[in-house]
Every structure is written in structure tokens, then in C-alpha cells.
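What follows is one structure encoded as C-alpha cells, with my remarks underneath.
Atoms within a ligand are numbered from 1 in the order they appear, just like the ligands themselves. Everything numeric here is computed off the predicted structure, so don't read it as measured data.
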Amino acid sequence: MAVVVLGSINMDLTTYVPRLPAPGETLFGSSFITVPGGKGFNQAMAAGRLGAPTQFVGRIGDDAFGKGVLEMTADEPVDLSGLIVDPNSSTALAVISVDDQAENSIIVISGANMAHDASEVARCRAALTTANVLLLQMESPLETSLAAAKAAREMGATVIFDPAPAKPLPPHAYQLCHIMTPNELETEVLVGFRPTNREEAAQAAEILRERGVATAVIKLGAQGVYYQSATESAFVEPFVVKSIDTVAAGDAFNGGLAVALSEGKPLAEAIRWGAAAGALATTKPGASSAMPTRAELETLLKKYIHRFHR
Ligand code: RIB
């Protein structure tokens with residue numbers, strides 16, 4: 001069916017540097033790009049480019065960055081009718097550095113993202129009348145996201161919650177998630193240790209499931225992905241690509257996962273879609289700009305088909 005994404009939309013100001021600067025250090029970078037980002041919007045772009053009818057719900061400010069975001073995304077396959085312009089807030093910004101190893105550091109100025117209120121929940125509810133998956137993250141108010149999760153569950157939609165950037169969650173948050181998708185750092189914030197291999201990822205997933213998450217998906221970056229539901233668990237080996245920029249790889253994962261589930265694909269296949277989308281996003285610069293197309297994803301999945309039919 002279709003995907004709804006409630007969350008952040010930022011203008012990303014990204015510098016490419018040989019290495020991330022030390023405190024007090026001045027570094028010369030090699031290049032700079034300005035692209036729309038935000039974990040929420042990146043996930044919507046991933047879902048849209050991968051072929052799902054996708055609506056994004058959020059807000060921007062009435063300012064130059066807000067206008068820039070609208071101009072730069074006008075031709076993208078994401079329905080922005082749920083995006084409002086808030087005259088009392090500024091468009092969110094992310095100041096990003098990416099080093100020669102494709103690693104990144106990100107500072108977010110939240111602006112309009114943190115002004116989400118009950119009107120975002122109402123717009124989600126309206127969008128969910130024709131959708132079956134809701135994607136949420138943590139760059140907008142948790143209370144609003146959890147209200148949207150509750151509405152989605154009542155309407156029969158699958159709730160995917162990406163706890164990024166992580167902070168400790170109240171107990172009822174776990175119970176509202178059909179699927180939670182933390183990376184290693186986010187897992188550490190939630191469960192108290194950082195998983196470094198599949199055994200530790202399995203322990204972390206068990207803890208999340210005991211708290212009420214139906215399916216826990218632990219993203220281990222270039223090492224792969226572990227997932228565990230009530231009936232199945234597995235470790236998905238990474239797709240090997242030439243990474244140049246890891247910004248938004250996790251967002252691409254969530255977009256891929258959401259699209260596959262919206263199309264009724266089994267969980268194991270949906271996790272592979274997420275992993276493939278995440279890998280592909282690291283092969284291009286930028287955030288929303290790096291989200292793969294469906295053709296790119298299908299080509300990568302075909303390359304690895306032997307792995308899935310052993
Ligand atoms: O996940 C990547 C995103 O994090 C960037 O696009 C940036 O805007 C921050 O929100």
C-alpha cells in the first residue's frame with residue numbers, strides 16, 4: 001500500500017574533510033554541499049524513490065532554508081501535502097562533517113521540528129487512511145510521535161520506530177512499536193551496552209522485546225543487521241559497496257524496510273531491502289540526495305541472490 005513518515009526535515013550544510021577536527025582545531029575541507037535532510041525526510045525520500053506512495057508529515061519555517069528545501073524537493077516522489085510552513089519557527093539545520101573514511105559528525109539545530117503538536121498527529125491520521133506503514137524517529141517531540149504511533153496502531157498500520165538520535169524512552173514507547181531499528185550507539189543508550197557482534201546484538205534485541213517491541217532490528221553498520229521477532233531471528237550479512245559518505249545510511253535502511261513491508265513482503269526480505277538501501281546510500285554524497293532508486297536496489301539484490309537461496 002503506502003508509507004507515511006512523521007518527523008524532521010532539515011537543511012543539511014555538509015563539509016567534506018580529510019578527518020573530523022579535534023577540539024580547537026581549524027581544518028581545510030575539500031568541498032561543501034547544501035541538501036535537504038533530516039532523518040524523517042530522508043526516510044520519506046528513500047521510501048518514495050524505492051517506489052512506495054509516500055507522504056511526509058512535518059514542518060519548516062517561513063525562511064530562506066525552508067524555501068530552499070521546497071525548491072530542491074519539488075520533483076521528488078514524496079507527497080508534501082502534510083508539510084506545513086510555521087511562521088513562528090525557523091527551518092531546522094544540520095551542520096555535518098564527513099571525513100575520508102566516510103564517517104560523519106552531525107550537529108542539529110531543531111527549529112520547526114520541535115514545534116510539532118497535535119496538528120501533526122491529525123495530518124498523520126488523515127494520511128494513514130490510505131497507508132499501512134508509519135515511520136517515526138526522534139528529531140521531533142516524542143510525545144507527538146507516540147500519539148501518532150497510537151493512532152497508527154488503532155488504524156491497523158505497522159509502526160516502525162527509529163530511535164535516532166537516541167535518548168532513554170518511557171516504558172509505554174516500546175509497547176507502541178511493532179518494529180524498532182536502533183544502531184549500535186542508539187542500542188547502548190537504550191539497553192546499557194553497545195553490541196559489537198551478533199551475540200551481543202541478540203542480547204540487546206531480547207531486552208527490547210521484553211520491554212514490548214514486537215520486532216527488534218539492531219543495525220551494526222558495516223558489520224550487518226540482526227533481527228528478532230516472536231517467530232524468527234537472523235543475522236543479515238552486509239552488502240559490500242564502495243562507501244564515500246555514511247550520512248543517512250540508517251534512514252535509507254528504514255525507508256527500504258518500510259517499502260518492502262508496505263508491499264506485503266516477508267520480514268526476512270524486508271530486512272534485506274533495508275540493508276541493501278542502507279548500503280547504497282553510502283555510495284553517494286549527501287542525505288536525501290543519496291537515497292537509492294528501486295532499480296539500483298533491485299540490481300544490488302540480484303547481485304547477492306546466491307546468498308538468499310542457499
Ligand atoms: O540521519 C542523517 C540526518 O541526520 C541528516 O540528514 C541530518 O539532517 C540529521 O538529521
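Within the structure, the closest approach of G250 to ligand 1 does not fall below 4.0 Å when heavy atoms are considered. Ligand 1 has no atom lying under 4.0 Å from any heavy atom of S8.
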request  = Take S140 and N113 through the test side chain to side chain donor-acceptor pair (under 3.5 Å) and record every step on the way to the result.
outcome  = CA-CA 5 Å; S140 52; N113 293 334; over 6 Å; no
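At a cut-off of 3.5 Å, with distance as the only test, no side-chain donor of D12 or T14 sits close to an acceptor on the other residue.
For atom 3 (C) of ligand 1, the closest heavy atom belonging to the protein is N42 ND2, 3.6 Å. If you check which protein heavy atom lies closest to atom 8 (O) of ligand 1, you get D12 OD1, 2.6 Å. Here the protein heavy atom with the shortest distance to atom 10 (O) of ligand 1 is E139 OE2, 2.6 Å. Among protein heavy atoms, the minimum distance from atom 1 (O) of ligand 1 is reached at D251 OD2, 2.7 Å. Of the protein's non-hydrogen atoms, K39 NZ, 3.1 Å is the one closest to atom 4 (O) of ligand 1.
Atoms of ligand 1 lying under 4.0 Å from any heavy atom of A94, numbered from 1 in the order shown and given with element: 7 (C), 8 (O). The atoms of ligand 1 that sit less than 4.0 Å from any heavy atom of N10 are 7 (C), 8 (O), 9 (C), 10 (O). Of all the atoms in ligand 1, the ones that sit under 4.0 Å from a non-hydrogen atom of I106 are 4 (O), 9 (C). Counting the atoms of ligand 1 from 1 in the order shown, those under 4.0 Å from a heavy atom of A287 are 6 (O).
Residues forming a side chain to side chain donor-acceptor pair (under 3.5 Å) with T34 (at least two apart in sequence, or on another chain): none. Scanning for side chain to side chain donor-acceptor pair (under 3.5 Å) contacts around E139 gives S8, with sequence neighbours left out.
Here the options are R198, R307, R272, the test is salt bridge (Lys or Arg N to Asp or Glu O under 4.0 Å), and the partner is E237; only R198 passes. Among the candidates R123, E154, Q55, M155, the single residue satisfying the side chain to side chain contact (heavy atoms under 4.5 Å, CB included) test with L128 is M155. Of the candidates T15, L20, D245, T246, V98 forms a side chain to side chain contact (heavy atoms under 4.5 Å, CB included) with just one, namely D245.
At a 3.5 angstrom cut-off on N or O pairs, G37 does not count as close to ligand 1.
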